[in-house]
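In the text below, chain A, chain B and the rest are named by the order of the sequence lines, each starting its count at 1.
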Protein chains: 2
Amino acid sequence: MEVKEQDLENLQVQLSPEEYVQMLLPLKDALDILSGKWKLQIIFSLKFGRKRFKEIQRAIPGISPKMLSKELKELEINELAQRFVYDTKPITVEYELTDYGQSLKPVVTELYKWGAAHRKRIIGRG
Amino acid sequence: MEVKEQDLENLQVQLSPEEYVQMLLPLKDALDILSGKWKLQIIFSLKFGRKRFKEIQRAIPGISPKMLSKELKELEINELAQRFVYDTKPITVEYELTDYGQSLKPVVTELYKWGAAHRKRIIGRG
DNA sequence: TACGCAGGTTTCCCTAAGTATACCGGTATA
DNA sequence: TATACCGGTATACTTAGGGAAACCTGCGTA
């Protein structure tokens with residue numbers, strides 16, 4: 001059972017419950033990767049280039065080492081960021097957005113555009 | 001202090017911490033509206049046209065009336081769905097996606113595309 | 001010798017999100 | 001008279017996400 005992208009566009013067509021669920025999975029994946037309190041901030045901070053652990057932490061006020069460590073691991077698992085370890089003293093660890101990580105750009109751009117328009121509409125409406 | 005969409009594209013430029021935060025707000029808004037366990041399912045189910053409360057509930061296995069009610073209210077507040085009440089016996093209530101709700105389409109499409117590609121990459125890699 | 005830094009981990013705690021179950025008023029149906 | 005449906009609320013509970021603080025190893029510095 002394959003769900004084609006076109007199905008998203010032509011939702012006049014009634015989908016079966018299973019097709020329906022299949023369609024939601026990729027959406028859920030994408031949302032899971034971007035949501036959470038610190039993910040976007042970390043991604044943004046890495047857009048400026050490689051950074052060390054403490055550098056990221058200093059760049060994001062309020063983040064605890066526990067959360068930073070956890071989120072970086074998730075980014076790594078998803079191949080969005082890469083971890084480099086150098087055998088200096090003390091040890092140096094750097095993180096970098098991967099090329100694949102850059103592929104999030106259109107998604108983030110669409111979210112930003114919609115979110116910005118929505119702010120104007122809803123908040124401006126107050 | 002205004003953040004332009006172009007800034008998103010040209011992240012070579014170093015942003016100040018405040019610009020940085022301003023940039024995250026619309027992203028957070030958009031994500032908040034789409035995340036949560038049932039939002040997408042409700043939006044999808046309404047794409048097929050107007051539906052009554054119980055119809056939506058039957059279409060989404062596992063959702064409790066409490067959650068459905070709560071999520072529909074949020075959609076209404078954000079002007080993504082509209083609630084129609086008819087004075088029949090028993091009362092009839094229908095929900096419909098607004099035209100504005102349709103404006104989410106490009107966002108959802110981008111999320112879907114990226115999520116689907118990501119599934120192939122990460123799960124296929126397993 | 002003691003302190004400090006890098007790069008984290010561990011533990012405990014609190015709150016927000018979501019689940020389960022029961023219930024409500026009004027109406028129709030057997 | 002009892003039961004069921006509609007469109008929800010109310011209450012109590014469990015779980016997931018995140019915060020705060022302490023701690024760890026290894027090394028350099030005063």
Side-chain angles (χ1 to χ4, degrees), chain A residues 21 24-25 27-46 49-78 81-97, chain B residues 21 24-25 27-46 49-78 81-97:
Chain A
V21 166
L24 289 168
L25 291 177
L27 284 167
K28 194 175 172 330
D29 289 350
L31 284 173
D32 281 353
I33 282 170
L34 294 176
S35 50
K37 195 170 173 186
W38 304 105
K39 289 271 175 53
L40 282 170
Q41 292 186 67
I42 294 171
I43 290 173
F44 268 59
S45 106
L46 290 180
R50 257 180 207 228
K51 276 205 175 58
R52 301 178 63 172
F53 189 89
K54 288 285 182 189
E55 275 184 288
I56 306 173
Q57 204 186 337
R58 279 188 292 264
I60 304 176
I63 195 171
S64 68
K66 171 186 152 185
M67 287 308 291
L68 181 53
S69 169
K70 192 193 122 211
E71 305 281 59
L72 284 170
K73 274 176 191 158
E74 284 185 45
L75 291 177
E76 238 198 304
I77 286 170
N78 287 302
Q82 201 176 344
R83 184 173 183 267
F84 299 92
V85 183
Y86 301 102
D87 195 6
T88 54
K89 304 158 186 185
I91 196 174
T92 303
V93 180
E94 291 184 343
Y95 293 88
E96 188 177 44
L97 269 199
Chain B
V21 165
L24 288 168
L25 292 177
L27 284 167
K28 192 174 174 329
D29 288 350
L31 284 174
D32 281 353
I33 282 170
L34 294 175
S35 50
K37 195 170 172 187
W38 304 106
K39 288 272 175 52
L40 281 170
Q41 293 185 67
I42 294 171
I43 290 172
F44 267 60
S45 107
L46 290 180
R50 252 176 212 231
K51 277 206 175 56
R52 300 178 63 173
F53 189 89
K54 288 285 183 190
E55 276 183 289
I56 306 173
Q57 203 185 339
R58 277 188 294 263
I60 304 178
I63 195 171
S64 68
K66 174 182 156 189
M67 286 307 290
L68 179 54
S69 171
K70 192 193 121 212
E71 305 280 60
L72 284 170
K73 274 176 191 158
E74 285 185 43
L75 291 177
E76 240 199 302
I77 286 170
N78 287 302
Q82 201 175 344
R83 184 174 183 266
F84 299 92
V85 183
Y86 301 103
D87 196 6
T88 55
K89 304 157 184 184
I91 196 174
T92 303
V93 180
E94 291 184 341
Y95 292 87
E96 189 176 44
L97 269 198

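Counting any heavy atom pair closer than 4.0 Å across all strands shown, A:Lys54 reaches a base atom. B:Tyr95 comes within 4.0 angstrom of sugar-phosphate atoms only, judged by non-hydrogen atoms across all strands, and of no base.
Listed here is the closest heavy atom pair of B:Leu27 and A:Phe44: CD1-CZ, 3.6 Å.
Looking at residues 57-72 of chain B, you'll see B:Lys66, B:Met67, B:Lys70 sit with a heavy atom under 4.0 Å from some atom of DNA chain C.
End-to-end axis angle of the helix from C:dT1-D:dA30 to C:dA30-D:dT1, using five pairs per end and rounding to 10°, comes to 30°.
With sequence neighbours excluded, no residue satisfies salt bridge (charged side-chain N to carboxylate O under 4.0 Å, His left out) with B:Glu76.
Rounded to an integer number of Å, the gap from A:Glu74 CD to D:dA16 C1' is 13 Å.
Between A:Phe53 and A:Leu72, the closest side-chain pair of non-hydrogen atoms falls below 4.5 Å.
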Check residues 31-43 of chain B and write down every donor-acceptor pair under 3.5 Å in which the side-chain atom is one partner and the other belongs to a residue at least two apart or another chain.
from: B:Asp32; atom 1: OD2; to: B:Lys28; atom 2: NZ; distance (Å): 3.0
from: B:Ser35; atom 1: OG; to: B:Leu31; atom 2: O; distance (Å): 2.7
from: B:Lys39; atom 1: NZ; to: B:Glu74; atom 2: OE1; distance (Å): 3.0

Anything under 3.5 Å between a donor and an acceptor, one on a side chain of residues 54-71 of chain A, the other on a protein residue two or more places apart or in another chain? List them.
from: A:Glu55; atom 1: OE1; to: A:Arg52; atom 2: N; distance (Å): 2.8
from: A:Ser64; atom 1: OG; to: A:Met67; atom 2: N; distance (Å): 3.3

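Interatomic distance, CZ of A:Arg50 versus CG of A:Leu97, reported as 11.5 Å (0.5 Å rounding). Within the model, atoms CG of A:Leu46 and CD of A:Glu94 stand 11.0 Å from one another, a figure rounded to the nearest 0.5 Å.
Comparing B:Ile91 and A:Lys37 against DNA chain D, the residue whose closest nucleotide sits nearer the 5' end is B:Ile91.
You can see that DNA chain C meets the heavy atoms of chain B within a 4.0 Å-exclusive cut from C:dG18 to C:dA28, reading 5' to 3'.
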